Amino acid sequence: MTELMSREEFRAALYAIGERQYHDLHPFHQLLHGGKLQKGQIQAWALNRFYYQVSIPRKDLTIMSRMDDPALRRAWLQRVLDHDGLTQSGELDETRVGGIERWLRLTDGLGLDRAYVKSLEGILPATRFAVDAYVNFVRDHSLLEAVASSLTELFAPSIHRERIAGFERNYAFANDSTLSYFRKRLDEAPRDVEFGLDYVLTHAETADQQRRCLRALRFKTELLWAQLDALHHAYVTPNLIPPGAFVPEDMEPTRYSR
Ligand SMILES: O=C(O)c1cc(C(=O)O)c2c(n1)C(=O)C(=O)c1cc(C(=O)O)[nH]c1-2
């Protein structure tokens with residue numbers, strides 16, 4: 001049996017998971033940020049990642065459906081609004097445009113057809129399974145574990161900064177429109193995660209609860225990692241694109257035979 005950790009020890013244990021296995025370490029991200037990918041490979045990343053984007057509000061609403069406290073629900077609701085936005089377009093107020101629309105501006109800028117992106121037809125099998133696993137996890141585990149699973153956002157601002165700088169330096173498609181998603185998240189994520197971290201540090205009152213929170217955070221890093229493994233396998237090496245998945249214009253479909 002592990003001992004109950006102090007608040008500070010528990011916080012350090014949560015951070016250690018990100019240090020060891022957050023997806024900023026994944027080779028696919030290093031290629032992406034380092035300017036080493038072709039446009040078609042970046043299209044594949046953005047198209048797959050769109051499924052994560054549209055699923056985050058579903059995940060947060062699933063979490064909210066398990067909250068009894070109106071004050072807690074009110075605080076959590078902001079996350080849904082950040083992604084869904086308060087208006088569909090920027091005509092009224094650009095600051096009210098949500099993350100999903102901002103992500104579509106990125107896929108627009110990469111030359112992808114919006115209807116195709118939104119159809120989710122071209123995503124990799126592993127993307128679908130990994131993202132769905134996140135929504136299912138928060139449904140099937142305790143509220144405390146569900147909140148803990150969101151704490152990868154502790155590490156997200158630094159990867160967003162790295163991405164903004166890497167895109168600006170390396171790719172012609174980088175501009176205010178295609179980068180707006182990441183710039184906005186730099187303001188939103190620290191607020192969310194401060195709340196989530198305080199919640200977890202305060203409500204994990206037993207050694208078992210602390211252990212479950214650490215497991216939840218580890219699970220989340222794994223589902224992020226699995227998405228990049230799948231992208232790397234399909235679009236970098238060995239470049240085996242699963243049947244039915246998006247085929248960039250600059251690549252040949254992989255031929256499978258029985
Ligand atoms: O680009 C990234 O690497 C990255 C990672 C993560 C994350 O760690 O889950 C999120 C985001 N971005 C993000 O933009 C975002 O809105 C977000 C919400 C959540 C969550 O778990 O609720 N994670 C993330």
Side-chain angles (χ1 to χ4, degrees), residues 14-15 17-33 42 45-64 66-67 75-85 97-107 127 130-139 141 143-167 178-197 199-200 213 216-229 231-232:
L14 290 164
Y15 272 92
I17 291 174
E19 191 57 42
R20 185 180 69 188
Q21 62 190 84
Y22 192 52
H23 66 177
D24 57 336
L25 294 170
H26 198 286
F28 190 89
H29 268 154
Q30 298 182 347
L31 296 170
L32 176 69
H33 302 156
I42 303 173
W45 167 76
L47 177 87
N48 276 275
R49 169 71 193 251
F50 182 71
Y51 189 49
Y52 190 60
Q53 297 308 135
V54 291
S55 300
I56 284 184
R58 292 169 48 228
K59 179 273 293 185
D60 285 320
L61 286 163
T62 306
I63 294 187
M64 283 174 64
R66 316 193 49 216
M67 291 175 171
W76 210 267
L77 180 61
Q78 187 59 43
R79 295 172 188 244
V80 177
L81 300 178
D82 284 346
H83 288 277
D84 285 351
V97 172
I100 294 173
E101 168 63 25
R102 288 174 199 271
W103 198 272
L104 288 168
R105 293 178 183 179
L106 171 63
T107 57
T127 303
V131 172
D132 288 349
Y134 191 17
V135 182
N136 295 338
F137 182 91
V138 304
R139 184 193 63 207
H141 289 72
L143 177 58
L144 179 62
E145 288 163 292
V147 175
S149 70
S150 74
L151 294 183
T152 47
E153 280 219 84
L154 286 169
F155 320 114
S158 99
I159 198 174
H160 287 167
R161 260 183 239 105
E162 185 183 322
R163 189 169 300 141
I164 291 165
F167 280 8
T178 54
L179 294 178
S180 97
Y181 177 82
F182 306 108
R183 294 206 172 113
K184 191 89 186 334
R185 285 307 295 166
L186 289 180
D187 297 331
E188 294 166 351
R191 179 210 57 213
D192 291 350
V193 82
E194 193 186 329
F195 183 89
L197 181 60
Y199 184 91
V200 168
C213 288
L217 183 55
R218 182 158 181 202
F219 160 81
K220 173 72 172 304
T221 59
E222 289 167 354
L223 74 84
L224 293 173
W225 195 273
Q227 290 175 70
L228 295 175
D229 276 353
L231 279 166
H232 199 275

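Just so we're clear, the structure is a prediction, and the values are computed from it rather than from any experiment. One-based numbering, in listed order, for ligands and for the atoms of each.
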**OP:** Tell me whether the centres of the aromatic rings in F50 and W45 are closer together than 6.0 Å.
**Re:** no
Original post:
Taking atom CD of E19 as the centre, does the number of heavy atoms from other residues, nucleotides or ligands within less than 6.0 Å exceed 12?
Top reply: no
Subject >> Heavy atoms of other groups near E194 CD, more than 12 under 6.0 Å >> reply: no
Original post:
Name the residues in contact with ligand 1, where contact means a heavy atom under 4.0 Å away: which are they?
Top reply: Y22, H23, R49, Y52, I56, K59, H83, Y134, S150, T152, E153, I159, H160, R163, Y181, R185, K220, L224
Original post:
Residues two or more places apart in sequence or in another chain: which of them pass side-chain contact (heavy atoms from CB on, under 4.5 Å) with A146?
Top reply: I63, V138
Subject >> Beyond-backbone contact of Y15 with L197, side-chain heavy atoms, under 4.5 angstrom >> reply: yes
Original post:
With the threshold set at 4.0 Å, does a side-chain nitrogen-carboxylate oxygen contact exist between R185 and D192?
Top reply: yes
